[in-house]
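Working notes, structure below.
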Protein chains: 2
Amino acid sequence: METKNLLEIERTAVILKLMGDKTRLTMLRLLADHDCCVCEFVEIFEMSQPSVSQHVRKMKDVGMVKEHRRGQWIVYSLNSSFEGYDLVKDMLEYVPDQNHHLEELIAAGKRISCCE
Amino acid sequence: METKNLLEIERTAVILKLMGDKTRLTMLRLLADHDCCVCEFVEIFEMSQPSVSQHVRKMKDVGMVKEHRRGQWIVYSLNSSFEGYDLVKDMLEYVPDQNHHLEELIAAGKRISCCE
DNA sequence: TCAGTATATAACTATTTGCTTATATACTAA
DNA sequence: TTAGTATATAAGCAAATAGTTATATACTGA
C-alpha cells in the first residue's frame, strides 16, 4: 500500500464526524458518482430543503464539497482539492453505491429538472 | 487497489461517527500500535476516569475494540474480528501515530503500573 | 418588472453527546 | 477479611446536532 499523506488528528476527526451521519454519508456516496443539486437530495431524503442545505453547507464549510451554479440551480460535487479528499474517497469505497436512490426518483417520475 | 468488503451505509455511519471524536480517534490510533488500559488514557487525556470508560465502552459496544482482563487491569485492543476493522485500520493510516503521548507520560514519571 | 423556482439563512426545538461527580463492582495483596 | 486500586455504571448538565417552519436572496423567463 502506498504511503498516505498524513492529516492532523483534529482535522481528521472533523472530517469523520461529518461523514458519521447517515444522510451526509449517503450524499457523499452519491456525489462520488455524479454531481447533485439540492433539489435531488430533497427528493431522495424526503427531508426539508433547509435541512438538505444545512448538510451540504457543513460539508462545503470544511471544503469536502464544492458548488457551482448552473442557471438557477447550484450543483454540488466532491472537491478533489480538499486536503482530506483521498481519505473521503477511500472511505466511500467501503459503502455500496447509492445510485438506486436516483433510479427510484426516475421510476417515480420525479426526475429532477436540474439534471436533464 | 484491492476490492473492499462493503459495509452497510448505516453501520458505516456509526463507525465514522465514533471515529469522528478527537479523543476516541486518538485512542484508536494509540491502540493501533499497542494495547492500552483505561488508566493510561486517563493520564494522556487528562480527563476523568468515567469519561474514558464511557468512550471505550462506546467503541466496545459496536465491536471496534475488545478487552481482556490482566490482573486488576483491563486492557483494550483493536478488535481484528470487527466487521469494520479494515476500514478502521485504513483510516488510522491517515493520522500520525500518537505515541508521543505515551512517551510524555514516561518522561513525566507517570509511567503506568499496568504496562510494565 | 414581476411571478415562479431554487437555494440560503434565521430562529426555534427535541435529541444526542461528552463531560462531570457520586457510587458500585471487581480484583489484589496484606 | 479488609484496604487499596482499577474500572464501570448512574445521574445530571451544558453544548452540539439535526431537524423543523418562516423568511430572505438569487436566478429565469414571460
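Numbers restart at 1 for each chain; the letters A, B, ... are given by sequence-line order, proteins then strands.
- Interatomic distance, Leu16(B) CG to Lys22(A) NZ, rounded to the nearest 0.5 Å: 14.0 Å.
- Note: CD (Glu43(A)) to P (dT5(C)) measures 14 Å, nearest angstrom.
- Between Ile74(A) atom CD1 and dT7(C) atom P the separation is 6 Å, expressed in whole Å.
- His68(B) places its NE2 atom 19 Å from the P atom of dA26(C), with the value rounded to the nearest Å.
- Asn5(B) and Tyr94(A) are not linked by any side-chain donor-acceptor pair at a separation below 3.5 angstrom, with hydrogens and angles left out of the test.
- Phosphate proximity of dT9(C) to Arg57(A): present, with a side-chain N or O under 4.0 Å from OP1 or OP2.
- Atom CZ of Arg69(A) and atom C1' of dT28(D) are 10 Å apart (whole Å).
- For the atom pair Met19(A) CE and Leu92(A) CG, the distance stands at 4.5 Å (nearest 0.5 Å).
- Looking at Glu8(B) and Thr12(B), their side chains never bring a donor and an acceptor atom within 3.5 Å of each other.
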Lys4(B) and Asp90(B): side chain to side chain contact (heavy atoms under 4.5 Å, CB included), yes or no, with the steps? CA-CA 11 Å; Lys4(B) 291 166 181 170; Asp90(B) 211 351; 3.6 Å; yes

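- Taking atom NZ on Lys22(B) and atom C1' on dC19(C), their separation rounds to 16 Å, with Å as the unit.
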What's the verdict on side chain to side chain contact (heavy atoms under 4.5 Å, CB included) for Phe41(A) and Thr23(A), showing C-alpha distance, side-chain angles and the deciding distance? CA-CA 9 Å; Phe41(A) 287 149; Thr23(A) 301; over 6 Å; no

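- In this entry the distance linking CD of Gln72(B) with C1' of dT28(C) reads 6 Å, nearest Å.
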Base, backbone or nothing for each nucleotide of nucleotides 16-23 of chain D, written B, S, -, heavy atoms under 4.0 angstrom, 5' to 3'? -SSBBBB-

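- Among the nucleotides dA8(C), dG4(C), dT7(D), the one closest to the side chain of Tyr76(A) is dA8(C).
- In this entry the distance linking CH2 of Trp73(A) with P of dG4(C) reads 17 Å, nearest Å.
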